[in-house]
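Comments concern the structure below.
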Amino acid sequence: MKGVLFDLDGVIADTSVYHFQAWRKLIKDHFNRELPDELEVQTKGVSRADSLTAILNYLDIKVTDSEFNKMTEEKNDVFRELLASLTPANILPGISELISELKAHNVKLSLASASLNGPYILEKLELINTFDAIADPSKVAAGKPAPDIFIAAADAINLSPKECVGIEDSIAGIKAINSSGAFSVGVGNENELSEAYLLYSDTSKLSYEQINAAWKKHN
Ligand code: B16
Ligand code: MG
């Protein structure tokens, strides 16, 4: 295992709460409608525009292109306000320890997040200098579940996906890792992430030794 391709939201930090809070506020303000908890899973790991499309489809609401664009900007403004209070204390349990182990074994770290706010979030978490590369989601042709962002993240550290492990908390993300050719490690619910090659219930359980051994066995 020469590189690890990290998802951000739900793996490095629990910013998913902020994402959904921002969507809820937007939909309440615009349409006075509530979003059910189960819709959150459909927006996890999925780009801002694809998330809004899923939400509007669920609500059976149609908007013009310009309203749609205005809404994605507004959602991001709310999300950025919520992010203002983010500190290293928001790094999920076990992640700092895993990063230290990876660094000690000369494994390269690359960010494979769908979020255009990735660099800003890593700065707030004081992890920006820890990463060797950040793949730019605005430069890839297709978002998760397409493999593009994981291929770009591996490429940014001069590795092929085969030499890498990807860590994800979303269904779309696990599908993306698997089709990129990297080894998928899921963090979360077994029913949701059954396609992950290796699964942990939460980030505190992530183990460098286990992940490396599972990657070796797979290859
Ligand atoms: P932004 P990840 C994803 O992050 C989130 O899970 C998803 O909810 C969000 O819509 C997407 O980033 C885009 O984020 O609006 O900040 O560009 O899980 O891929 O790290
Ligand atoms: Mg995620």
Side-chain angles (χ1 to χ4, degrees), residues 4-27 35 37-58 68-84 86 90-92 95 109-125 127-128 131 133-140 142-153 165-178 180 182 184-189 192-193 195-196 199-200 202-203 206:
V4 172
L5 318 173
F6 275 89
D7 175 49
L8 205 182
D9 174 55
V11 170
I12 296 176
D14 211 356
T15 36
S16 55
V17 184
Y18 301 148
H19 275 295
F20 207 58
Q21 210 174 313
W23 285 125
R24 280 199 153 129
K25 182 174 174 358
L26 183 89
I27 296 304
L35 297 179
D37 292 346
E38 64 260 27
L39 205 58
E40 187 175 349
V41 74
Q42 286 186 45
T43 60
K44 260 195 211 171
V46 173
S47 76
R48 201 178 308 161
D50 289 350
S51 297
L52 182 55
T53 302
I55 290 169
L56 293 176
N57 282 345
Y58 173 84
F68 186 96
N69 293 336
K70 239 187 86 208
M71 285 177 78
T72 57
E73 277 168 31
E74 233 180 271
K75 183 267 177 179
N76 196 47
D77 291 343
V78 179
F79 181 59
R80 295 278 294 209
E81 270 169 39
L82 295 169
L83 289 182
L86 210 66
N90 292 93
I91 298 173
L92 283 167
I95 291 296
L109 312 185
S110 189
L111 194 74
S113 170
S115 178
L116 298 166
N117 294 295
Y120 176 67
I121 297 172
L122 284 191
E123 250 171 55
K124 300 284 288 178
L125 300 174
L127 285 175
I128 192 96
F131 274 74
I134 298 175
D136 183 349
S138 71
K139 300 246 162 70
V140 299
K144 301 171 188 177
D148 307 31
I149 193 80
F150 285 95
I151 294 170
V165 162
I167 310 182
E168 259 289 348
D169 71 313
S170 72
I171 304 166
I174 292 293
K175 286 186 191 296
I177 298 172
N178 290 348
S180 78
S184 60
V185 174
V187 178
N189 188 301
E192 272 173 34
L193 306 179
E195 290 175 43
L199 183 70
Y200 291 98
D202 63 79
T203 54
L206 287 161

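All values below come from the heavy atoms of this structure, side chains included, with hydrogens, waters and symmetry mates left out. Counting convention: from 1, in listed order, for ligands and their atoms alike.
Of the inter-residue distances, the one linking E74 atom CD with N69 atom CG reads 12.0 Å to the nearest 0.5 angstrom. To the nearest 0.5 Å, atom CG of residue L206 and atom CG of residue L92 are 10.0 Å apart.
Distances from ligand 1 to the non-hydrogen atoms of F79 include at least one value under 4.0 Å. Within the structure, the closest approach of G10 to ligand 1 does not fall below 4.0 Å when heavy atoms are considered. Residue contacts with ligand 1 leave out S16, since none of its heavy atoms falls under 4.0 Å from the ligand.
Counting non-hydrogen atoms of neighbouring residues, nucleotides and ligands closer than 6.0 angstrom, the OH atom of Y58 reaches no more than 12 such neighbours.
Evaluated by nearest non-hydrogen atom to atom 1 (P) of ligand 1, the leading choice among S115, G118, P137 is S115. Nearest-residue assignment for atom 9 (C) of ligand 1 (options I121, T72, V46; heavy-atom criterion): V46.
Of all atoms in ligand 1, listed by their number and element, those nearer than 4.0 Å to a heavy atom of D7 are 2 (P), 18 (O), 19 (O), 20 (O). Of all the atoms in ligand 1, the ones that sit under 4.0 Å from a non-hydrogen atom of L8 are 20 (O). Near N117, the atoms of ligand 1 lying under 4.0 angstrom from a non-hydrogen atom of the residue are 1 (P), 16 (O). Residue K144 has at least one heavy-atom neighbour below 4.0 Å for each of these atoms of ligand 1: 2 (P), 19 (O). Near S51, the atoms of ligand 1 lying under 4.0 angstrom from a non-hydrogen atom of the residue are 10 (O).
Side-chain contact between Y18 and R80: absent, with no pair of heavy atoms (C-beta onward) separated by less than 4.5 Å. Side-chain atoms of I55 and L35, non-hydrogen and from C-beta on, do get closer than 4.5 Å to each other. Between K75 and K25, the closest side-chain pair of non-hydrogen atoms is not below 4.5 Å.
Salt-bridge annotation for R24 and D37: present, with a side-chain N of the basic residue lying under 4.0 Å from a carboxylate O of the acidic one.
Without hydrogens or angle criteria, D169 side chain to G188 main chain gives no donor-acceptor distance under 3.5 Å. D9 contributes a side-chain N or O that, together with a main-chain N or O of S16, makes up a donor-acceptor pair within less than 3.5 Å. Although no hydrogens or angles enter the test, the distance criterion places a donor-acceptor pair under 3.5 Å between the side chain of N178 and the main chain of E195.
Ligand 1 has an N or O atom lying under 3.5 Å from an N or O atom of S113, backbone or side chain. The distance criterion of under 3.5 Å between nitrogen or oxygen atoms is not met by A112 with respect to ligand 1.
Counting only heavy atoms of the protein, atom 17 (O) of ligand 1 lies nearest to L116 N, 2.7 Å. Looking from atom 8 (O) of ligand 1 to the surrounding protein, the closest heavy atom is T43 O, 2.9 Å. Regarding atom 15 (O) of ligand 1, its nearest protein heavy-atom neighbour is R48 NE, 2.6 Å. The single protein non-hydrogen atom nearest to atom 4 (O) of ligand 1 is D9 CB, 3.4 Å, given as residue, atom name and distance.
The angle D7:OD2 - the Mg ion (ligand 2) - D9:O amounts to 90°, with values rounded to 10 degrees.
Looking only at N/O/S atoms, D169 comes nearest to the Mg ion (ligand 2) through OD1.
Aromatic ring orientation, F6 versus F131: perpendicular (interplanar angle above 60°, classes split at 30° and 60°).
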